Structures are given as C-alpha cells and as structure tokens.
Amino acid sequence: MRPYVALGALNAFLAVAFGAFGAHVLEARVEPARLDTFATGVQYHMYHALGLLIIGLLAERMGASRRMQWAGRLLLIGIILFSGSLYLLVLTGVTVLGAITPLGGVSFLAGWLLVALDAWSRR
C-alpha cells in the first residue's frame with residue numbers, strides 16, 4: 001500500500017505549508033480565535049498525515065487487508081472534511097462549513113478503529 005505512504009508524505013507537506021501560511025500570512029489578518037481554528041485544522045492534518053504513513057507501512061509489513069485500505073481512505077476523507085472545512089471556514093468566514101467538520105472527525109474515528117480491528121484480528 002505504497003500509495004498511502006505517498007499520500008501521507010504529501011499531506012504532511014501540505015500540513016506544514018498550511019501551518020506556515022497560518023503563522024506568516026493569516027496571523028496579521030484574522031482574529032486570534034479564527035487563527036486557533038486554523039491551527040486545529042493544521043494539527044489534525046499532520047496527525048492524520050502521519051497516520052496515513054503508518055497505515056501504508058503497516059500494510060507493507062502485515063499485508064494489505066480491506067480494513068487497512070478502508071482505514072487509509074477514511075483518514076484521507078477525514079483530512080479533507082475536518083481540516084479542509086476548518087481551513088475554508090477561516091478563509092471564507094462561511095460558518096455553515098463548521099457543520100462538515102464533525103463528519104471528518106467521525107471518519108478519523110472509524111479509520112483508527114479499523115486499524116485496531118485489523119491488528120486485533122491478526123494476533
């Protein structure tokens with residue numbers, strides 16, 4: 001599952017880029033609460049980029065099961081929905097985007113649960 005290693009690395013790159021954008025560009029342009037929201041998006045983006053790397057490496061070591069494949073998909077969907085909605089919320093001010101964020105959180109939870117279930121079933 002090398003694509004998840006590549007996707008993890010690409011998303012880690014993007015998380016660093018968004019973090020730098022927030023720190024150097026947004027800091028002077030948005031209020032602190034909105035900057036905190038953006039930083040939360042960056043933080044979860046990086047955590048789950050690393051999660052994608054882990055899933056890719058685990059699948060290489062343990063074999064690529066359907067659970068691991070879905071775990072990777074769900075983490076990627078979570079990054080898009082959770083972090084993406086927070087980025088857009090801060091950049092556009094459209095507050096309805098905040099309603100999408102929990103769907104990303106549920107995707108993260110489901111992805112990590114699948115990793116745990118897959119590891120448990122192989123013991």
Side-chain angles (χ1 to χ4, degrees):
M1 294 206 350
R2 290 185 184 167
Y4 287 109
V5 174
L7 285 168
L10 177 62
N11 274 282
F13 169 87
L14 290 172
V16 171
F18 280 118
F21 175 76
H24 299 292
V25 177
L26 288 182
E27 187 174 43
R29 297 182 179 170
V30 300
E31 61 218 36
R34 288 180 67 199
L35 195 58
D36 287 345
T37 299
F38 196 87
T40 298
V42 171
Q43 185 178 23
Y44 278 80
H45 194 161
M46 181 57 83
Y47 291 156
H48 292 89
L50 295 173
L52 287 169
L53 286 168
I54 291 166
I55 286 170
L57 295 173
L58 284 173
E60 289 280 320
R61 183 167 187 244
M62 297 173 18
S65 70
R66 289 194 73 183
R67 281 186 185 137
M68 278 298 200
Q69 290 173 348
W70 272 104
R73 289 177 190 139
L74 286 166
L75 290 193
L76 186 58
I77 289 167
I79 289 169
I80 293 165
L81 294 178
F82 186 91
S83 296
S85 67
L86 292 180
Y87 297 152
L88 288 173
L89 172 73
V90 171
L91 294 172
T92 67
V94 177
T95 57
V96 73
L97 291 167
I100 297 169
T101 309
L103 298 173
V106 170
S107 295
F108 289 150
L109 292 168
W112 287 116
L113 183 60
L114 287 175
V115 172
L117 290 171
D118 190 64
W120 188 261
S121 70
R122 295 176 190 237
R123 57 184 175 106

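On a predicted model such as this, the values are computed, not experimentally measured, just so you know.
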Item checked: Where Ser85 and Leu97 come nearest, the two heavy atoms and their spacing -> CB-O, 3.6 Å
Note to self: side chain to side chain contact (heavy atoms under 4.5 Å, CB included), that's the test. Do Gln43 and Phe38 meet it? Break it down for me.
What the structure shows: CA-CA 9 Å; Gln43 185 178 23; Phe38 196 87; over 6 Å; no
Notebook entry, point to check: Between Ser107 and Ile77, what is the shortest heavy-atom contact and its length?
Noted result: OG-CG2, 3.6 Å
Margin query: Taking Gly63's backbone N and O only, do any of them form a donor-acceptor pair with Arg122's side chain (distance below 3.5 Å, no angle check)?
Written below: yes
Checklist line | ILVMFWY cluster, Met62 and Leu114 together (side-chain gap under 4.5 Å) | finding: no
Checklist line | Criterion side chain to side chain contact (heavy atoms under 4.5 Å, CB included) on Tyr87 and Val42, from CA distance to verdict | finding: CA-CA 8 Å; Tyr87 297 152; Val42 171; 3.7 Å; yes
Check: Taking the hydrophobic residues Ile, Leu, Val, Met, Phe, Trp and Tyr, and joining any pair whose side-chain heavy atoms are under 4.5 Å apart, which ones share a cluster with Trp120?
Finding: none
Next item on the list: Mind jotting down which residue pairs meet the side-chain hydrogen bond (donor to acceptor under 3.5 Å, both in side chains) criterion with at least one end in residues 3-24? Sequence neighbours excluded, please.
Entry: Asn11-His45
Note to self: For the residue pair Arg67 / Ser121, report whether a side-chain donor-acceptor contact shorter than 3.5 Å exists.
What the structure shows: yes
Note to self: Centre-to-centre under 6.0 Å for Tyr44 and Tyr47, is that the case here?
What the structure shows: yes
Notebook entry, point to check: Should Trp112 and Leu52 be regarded as members of a common hydrophobic cluster, given that ILVMFWY residues are connected when their side-chain heavy atoms come within less than 4.5 Å of each other, either directly or indirectly?
Noted result: yes
Notebook entry, point to check: Which heavy-atom pair separates Leu75 from Gly111 by the least distance, and what is that distance?
Noted result: CD2-CA, 4.3 Å
Notebook entry, point to check: So how far is it from Gln69 CD to Asp118 CG, rounded to the nearest 0.5 Å?
Noted result: 10.0 Å
Check: Looking at Ala49 and Ala12, what are the two nearest heavy atoms and their distance?
Finding: CB-N, 3.4 Å
Next item on the list: Provide the closest heavy-atom pair for Phe108 versus Ile79 in the form atom of the first, atom of the second, distance.
Entry: CE2-N, 3.3 Å
Next item on the list: Determine the minimum heavy-atom distance between Gly72 and Ile55, stating which atoms define it.
Entry: N-CD1, 3.7 Å
Next item on the list: Could you state whether Leu74 and Leu103 fall into the same hydrophobic cluster, counting links through intermediate Ile, Leu, Val, Met, Phe, Trp or Tyr residues with side-chain heavy atoms under 4.5 angstrom apart?
Entry: no
